Amino acid sequence: MTKKSYYITTPIYYPSDNLHIGHAYTTVAADCVARFKRMQGFDVFYLTGTDEHGQKIEKVALDKDMTPQHYVDGIVEGIKVLWETMLISNNDFIRTTDKRHEEVVKNLFQKVYEQGDIYISEYEGWYCTPCETFFTERQLIDGKCPDCGRDVERLKEESYFFNMAKYADRLLAHIDTHPDFIQPESRRNEVINFIKNGLDDLCVSRTTFNWGVPVPFNDRHVVYVWFDALINYVSAIGYLDDKDKFDRYWPANVHLMAKDILRFHAIIWPIMLMAVGLPLPEKVFAHGWIMLEGGKMSKSKGNVIDPLQLVNKYGVDAVRYYLVKELSFGQDGMYSEEMLVNRTNSDLANDLGNLISRTVAMINRYFDSKIPESIGEDALDQELITAALRAYSEATEKLDKLDFAAYIQAVLKLISRANKYIDETQPWLLAKDEDKKDRLGTVLYNLVETIRIAIILLAPTMPTLPERANQQLGILEDPATLTWEEAGEWGAARAGTIVNKGKALFPRIDIKNLDGEENSDNEELENQKIEEENNLIDIEEFARIDLRVATVIACEKMKKADKLLVLKLQVGEEERTVISGIAKAYEPEQLIGKNVVLVANLKPVKLRGVLSQGMILAASGPQDNHIEVLTVEKIESGNRVK
Ligand code: MSP
């Protein structure tokens with residue numbers, strides 16, 4: 001049986017300069033989907049490339065005393081290195097200067113002209129060179145480009161026009177009958193309104209510069225860059241010269257991009273396809289922008305972040321992870337290096353990295369480095385298994401919807417469930433009792449299984465993770481050919497497999513030392529060893545406990561409970577109620593006015609109908625009334641204890 005095909009594309013980027021993290025955002029996201037679909041068994045075709053024609057590129061090249069071709073060749077080499085470094089698994093890289101592409105552009109332009117949808121006329125309007133777009137007077141904002149805010153030029157030229165209005169109703173009907181065609185929903189509505197406001201005919205040729213595909217029947221004109229560029233999606237899959245391939249992959253499943261170029265993909269491109277009689281892509285998906293403090297990152301503003309530098313500093317998995325997690329469904333995200341570091345430390349080093357290293361360390365210590373068997377599951381185990389299977393189905397559903405952040409969240413939930421399972425099952429206590437060896441084995445097996453599943457689910461985002469994790473756990477048959485379904489099967493890890501302790505999968509990054517020395521691998525290993533042998537926690541884990549000074553403003557005995565007091569606390573501006581088991585040691589009035597220490601981020605619990613919002617710290621001795629509440633003298637309520 002032939003595999004079902006799946007065709008996904010990114011925009012083809014302008015090689016007017018090196019690409020930045022904004023471009024990496026789309027390309028990594030599309031790569032994540034491509035890898036996911038391949039793991040699901042689809043015959044995936046993932047396309048990216050470069051959009052090389054147009055006045056802007058011509059100008060940049062001439063300013064550098066280079067031919068446009070020579071100039072873009074250099075930039076394109078750099079882009080290819082960037083995508084290789086970021087482990088982008090594209091199946092092809094299309095350049096609009098490729099002959100295979102130019103032939104299709106000429107062919108389709110001719111076709112649309114011959115059927116009368118392209119006609120010659122005269123154009124007068126305002127042109128924004130950086131955006132390669134014409135605007136009418138009323139589209140300008142304060143006389144400037146409505147998209148980028150820069151100066152526009154008045155141009156008048158003989159041009160060919162594409163009769164878009166003719167197809168507007170058909171396009172509206174298509175959008176109406178295909179609710180998933182334009183995503184997310186809010187963008188879909190924008191596009192519908194835009195079309196309903198009336199479509200002007202599109203000017204599809206230029207005579208003021210030469211750097212473009214010549215109009216086949218009039219070489220004084222070059223084809224408008226957007227008409228040229230959009231065609232890449234069909235030229236790359238053999239529209240003219242490889243019918244089998246074309247039929248296999250067209251129509252595309254997803255064109256992915258940011259919202260800035262949605263209209264080109266959701267209006268112009270579909271109308272071009274209708275005009276040449278090709279089916280429309282299944283989905284056009286516009287994600288949000290990645291922003292910097294000063295606004296959208298863009299080459300023309302000069303506030304760009306180089307993804308290569310980040311990868312060199314933090315490793316490809318961490319950078320990809322950050323980008324994918326940052327992509328909330330259709331929303332803009334804020335870029336900050338500090339966030340990247342924090343995410344690496346908290347999600348990867350702490351939650352996932354520690355889960356793996358603790359599990360491996362315990363198997364080493366208690367089972368002579370061999371993964372133990374599971375001997376029957378109890379309710380707690382069942383809960384973990386259910387969580388794992390839920391993570392699998394949630395991750396699948398969210399990735400299919402291109403809801404990247406929610407997909408990552410589904411896996412993170414599982415990882416934190418597994419960490420909690422360690423706290424609940426307390427393997428180190430089980431290890432003290434020979435009779436509980438089987439139980440200990442089951443707990444560790446369940447942890448291994450959860451890790452295996454989490455790794456598979458994260459593989460599309462972090463392609464080197466399976467191989468690196470497998471060096472320690474040895475549980476994946478072949479990290480290079482994982483299937484997605486393997487994550488949906490509980491119990492695939494084989495008992496008896498030898499585990500090896502290796503270096504930390506995600507070494508913690510010290511933000512203060514960002515530009516200085518990182519800990520050497522040896523130091524990392526040493527630190528980890530000490531941590532695991534003594535069951536130590538690190539400073540970040542401790543810092544998660546929010547301890548605050550709180551003033552007792554009221555206190556009374558809890559009705560029908562001889563050990564409990566109900567305290568009213570003032571914590572800075574806020575009031576809290578806390579129930580504490582200290583009634584044997586204190587009369588309520590002894591506590592009023594005291595500054596105690598509150599665990600402020602403890603999950604609230606209801607005790608006998610009263611909600612207790614935290615816990616106060618106390619030292620306790622061997623007897624019931626040997627209790628001393630910790631107090632602070634000079635520091636006021638609301639301040640942090642650390
Ligand atoms: N050449 C056209 C696309 C033609 S597709 C037929 C183009 N190129 S571009 O180099 O400007 O790339 C724009 C795309 O790059 C955006 O749609 C988005 O996919 C990506 N991004 C560039 N900057 C970005 C951000 N700051 N944030 C998110 N994505 C960004 O337009």
Side-chain angles (χ1 to χ4, degrees), residues 345-392 410-458 465 469 472-475 487 490-491 493 495 497 499-502 504-506 508 527-545 599 601-603:
N345 283 347
S346 70
D347 302 357
L348 301 180
N350 265 9
D351 296 354
L352 177 61
N354 276 350
L355 175 65
I356 296 177
S357 62
R358 284 166 92 186
T359 305
V360 170
M362 289 192 282
I363 295 175
N364 272 335
R365 187 162 349 142
Y366 306 137
F367 287 92
D368 212 10
S369 304
K370 279 201 205 88
I371 296 177
E373 257 180 290
S374 161
I375 317 273
E377 290 126 9
D378 69 10
L380 208 54
D381 305 338
Q382 279 301 342
E383 235 185 84
L384 183 68
I385 297 171
T386 309
L389 299 179
R390 193 177 315 120
Y392 166 74
V411 190
L412 284 184
K413 235 178 10 194
L414 174 62
I415 293 168
S416 83
R417 184 68 195 81
N419 277 317
K420 190 165 153 229
Y421 176 82
I422 299 186
D423 299 339
E424 290 165 341
T425 51
Q426 301 187 306
W428 51 92
L429 293 187
L430 297 174
K432 291 196 175 133
D433 186 345
E434 195 47 37
D435 289 347
K436 300 206 168 124
K437 189 98 186 179
D438 281 354
R439 177 71 197 134
L440 176 62
T442 302
V443 166
L444 292 180
Y445 181 86
N446 290 341
L447 286 170
V448 167
E449 259 309 84
T450 312
I451 292 169
R452 183 186 65 82
I453 289 172
I455 288 171
I456 298 175
L457 297 181
L458 287 171
L465 176 64
Q472 301 194 17
L473 277 160
I475 42 178
W490 182 269
T497 307
V499 302
N500 303 297
K501 190 143 175 39
L505 286 180
F506 297 98
R508 211 175 316 281
N527 287 342
Q528 235 196 350
K529 215 162 105 196
I530 298 169
E531 230 178 84
E532 269 146 22
E533 280 178 1
N534 299 301
N535 243 324
L536 300 182
I537 61 167
D538 52 51
I539 188 80
E540 275 124 10
E541 274 171 88
F542 174 70
R544 285 174 52 201
I545 306 174
V599 182
N601 59 344
L602 196 67
K603 279 192 194 141

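Remember, it's a predicted structure, so these values are computed and weren't measured experimentally.
You'll find the side chain of Thr497 stays beyond 4.5 Å of the side chain of Val448, heavy atoms only. By the 4.5 Å heavy-atom criterion applied to side chains, Tyr392 and Leu414 are not counted as neighbours. Under the 4.5 Å side-chain criterion, counting only non-hydrogen atoms from C-beta, Asn446 is in contact with Thr442. Under the 4.5 Å side-chain criterion, counting only non-hydrogen atoms from C-beta, Leu505 is not in contact with Leu352. With contacts defined as side-chain heavy-atom distances shorter than 4.5 Å, the pair Ile375/Tyr445 does not qualify. Here the side chains of Asn419 and Asn350 are not in contact, with every heavy-atom distance at 4.5 Å or above. Residues Lys420 and Leu384 fail the side-chain proximity criterion, which asks for heavy atoms closer than 4.5 Å.
Applying the salt bridge (Lys or Arg N to Asp or Glu O under 4.0 Å) test to Asp351 and every residue at least two apart in sequence or in another chain returns nothing.
Taking both residues in full, the closest heavy atoms of Asp381 and Gly376 are given as OD2-O, 4.1 Å, listed atom of the first, atom of the second, then distance. Across all their heavy atoms, Asn364 and Lys501 have their closest contact at ND2-CB, 3.6 Å. Shortest non-hydrogen contact noted between Val443 and Pro427 is CG1-CG, 4.2 Å. The two residues Gly441 and Pro372 come nearest to each other via the heavy atoms O-CG, 3.4 Å. Across every non-hydrogen atom of Leu447 and Tyr421, the tightest pair is CD2-CD2, 3.7 Å. In plain terms, the two heavy atoms of Ile363 and Lys370 that are nearest each other are CG2-O, 3.3 Å.
A cation-pi arrangement is absent between Lys437 and Tyr366 under the rule of less than 6.0 angstrom and at most 45 degrees off the ring axis.
A salt bridge does not link Glu383 to Arg390: none of the charged side-chain nitrogens sits closer than 4.0 Å to a carboxylate oxygen. Taking a cutoff of 4.0 Å between a charged side-chain nitrogen and a carboxylate oxygen, Arg439 and Asp433 do not qualify as a salt bridge.
Listed for the Gln382 side chain is no donor-acceptor partner under 3.5 Å among the backbone atoms of Glu377. Between the Asp378 side chain and the Leu380 main chain, a donor and an acceptor come within less than 3.5 Å of each other.
Atom CG in Leu457 sits 9.5 Å away from atom CZ in Arg452 (nearest 0.5 Å). Rounding to the nearest 0.5 Å places CG of Leu412 at 7.5 Å from CG of Leu458. Atom-to-atom distance recorded for Leu444:CG and Ile371:CD1 is 10.0 Å, nearest 0.5 angstrom. In this structure, CZ in Arg365 is found 11.0 Å from CH2 in Trp428, a value given to the nearest 0.5 Å.
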As a quick check of understanding, evaluate side-chain contact (heavy atoms from CB on, under 4.5 Å) for Phe367 and Leu440, giving each step before the final call. CA-CA 10 Å; Phe367 287 92; Leu440 176 62; 3.7 Å; yes
